[in-house]
Amino acid sequence: MYAVIGAGPMGLATARNLQKQNLPFVGYELHDDVGGLWDIDNPHSTMYESAHLISSKRMTEFREFPMDDRVATYPHHREMKRYFHDYADHFDLRRHYRFGARVTALTPAPDGGWELTAEQNGATDTRHFDAVLIASGTLHTPNRPTLPGDFAGELMHASDYRHADCFRDKRVLIVGCGNSACDMAVDAVHRAARVDLSVRRGYYFLPKFIGGRPADAIGGKLKLPRRLKQWLDARLIRLIVGRPSDYGLPDPDYRMYESHPVVNSLVLHHLGHGDITPRRDIRAVDGHTVTFSDGERADYDLILMATGYKLDYPYIDAAHLNWHGDAPRLYLNLFHPERDDLFMMGMIEATGLGWEGRNEQAELAALYLRRLAEGHPAARNLRRLKRERAGHNLDGGYHYLKLARMAYYVHKDSYRAEVARHVRALRAE
């Protein structure tokens, strides 16, 4: 019997692939239904009311369960919640789950496998599982950097943000320039007395549409050398939207695709119209006054820290995950080098990977479990390889920035090709 922790998109994909391989499993989900963070009504979700997909639906959906044609190209989070509910209904996945169950401990069993302890309805129980597939997500524990001083106003993290009403008539400073930070800055424009955006480094900004088509659906058929693609795409984007410095933001000092891009046209629109004021990194805070690294100062009522999240799996000792630095060191961000009974599902980021790319990862894990039990030679070969290549960087030659959030970033095409190679070998009779 296997355990799946989580019923968000990755947990559902994992459950579906175990189901397809006729492998028995039990799912554990803290909330009372499926959907994970895409369910804003889930008290553990970090979703906010204005959120939409930043990748287009056709580049994101599960291949065996396409999104409705009537759904917008970049669906709202409530459409995504409905999609995952429909997915669970269609494949009859809910019956495998224990909802409202908090996993509190995951420890190795003396004779192999894992002892999983969970709390549900005030009761605690422990069960043994032959293997555990962790799919509880990467966006739960906020990264809260310490401000250089004491702020007298309201301080919040993006994980606490739900609706733009919290900005009403306030002088707002948003710290960070990722996709969520830019969404929230745009939200604040329509409520706040003033909106400033503190940016420490440069970002590439991509429009959601080019010529009426979703930007992520353009190109890809012609495979270009990496350096040529980086140069050509950066040149194209510069022609369409300009340089970040045209809007008062720092230009990136790295090549395109070496960090996660910002997919947001509206933030540049509002910067260009003066609705948002760009600021540099924070140097000091004193009362309501913030001093920036360029010496400029301004007063604020609210500072919103859109500073991302830290990988966190509180129910298991990090040593059991082969943790090194900012993330576990695994093969394909999935396979533990020494254990055949522990899998990290969805601990992966890549531009354009979508849910189908993650579904392929789940297919590989489920196939490996079945074929390993059958003694298949491809499973034995993968067992050897994952020990030798744990932490092997599938970066496709891109020099990703040395940031915590990039510690589990991969090059989409390189990653999917490696996964597909193993899937083909495990499928062979």
Parallel, tilted or perpendicular: which fits the ring planes of Tyr300 and Phe292, with parallel below 30° and perpendicular above 60°? perpendicular
Exactly one of Arg427, Lys20, Arg16 should register a salt bridge (charged side-chain N to carboxylate O under 4.0 Å, His left out) with Glu363. Which one does? Arg427
Decide salt bridge (Lys or Arg N to Asp or Glu O under 4.0 Å) for Arg144 and Asp160; before the verdict, give the C-alpha distance in whole Å, the side-chain angles of both, and the deciding distance to 0.1 Å. CA-CA 12 Å; Arg144 300 180 188 270; Asp160 303 314; 3.7 Å; yes
Please work out which of the three classes, parallel, tilted or perpendicular, describes the rings of Phe84 and Trp38, given edges at 30° and 60°. tilted
Would you please test Asp69 and Arg58 for salt bridge (Lys or Arg N to Asp or Glu O under 4.0 Å) and show each step? CA-CA 10 Å; Asp69 288 340; Arg58 295 297 175 228; 2.5 Å; yes
Kindly indicate, with the supporting measurements, whether the criterion side chain to side chain donor-acceptor pair (under 3.5 Å) is fulfilled by Arg389 and His392. CA-CA 5 Å; Arg389 304 190 72 185; His392 175 68; 2.7 Å; yes
On the ring face of Tyr203, is Arg201 found with NZ or CZ under 6.0 Å from the centre and within 45° of the axis? yes
In terms of the angle between their ring planes, are Tyr87 and Tyr83 parallel, tilted or perpendicular, with boundaries placed at 30° and 60°? tilted
Hits for salt bridge (charged side-chain N to carboxylate O under 4.0 Å, His left out) against Asp68, two or more places apart or cross-chain, chain-then-number order -> Arg70
Under the salt bridge (charged side-chain N to carboxylate O under 4.0 Å, His left out) rule, what pairs show up with a residue in residues 366-377, not counting sequence neighbours? Arg370-Glu374, Arg371-Glu374, Arg371-Glu429
Which label fits Tyr97 and Phe25: parallel for a plane angle under 30°, tilted from 30 to 60°, or perpendicular past 60°? perpendicular
Does Glu349 come within less than 4.0 Å of Arg405, counting only side-chain N to carboxylate O? no
side-chain hydrogen bond (donor to acceptor under 3.5 Å, both in side chains) partner of Asp39, the single match among Lys81, Arg82, His85: Lys81
Under a 4.5 Å cut-off applied to non-hydrogen side-chain atoms, are Phe167 and Val195 in contact? no
Do Tyr415 and Gln361 have side-chain N/O donor and acceptor atoms under 3.5 Å apart? yes
Give a yes-or-no answer on whether the side chains of Asp216 and Ser55 include a donor-acceptor pair shorter than 3.5 Å. no
Residues which pass side chain to side chain donor-acceptor pair (under 3.5 Å) with His399, listed by chain and number, not counting sequence neighbours: none
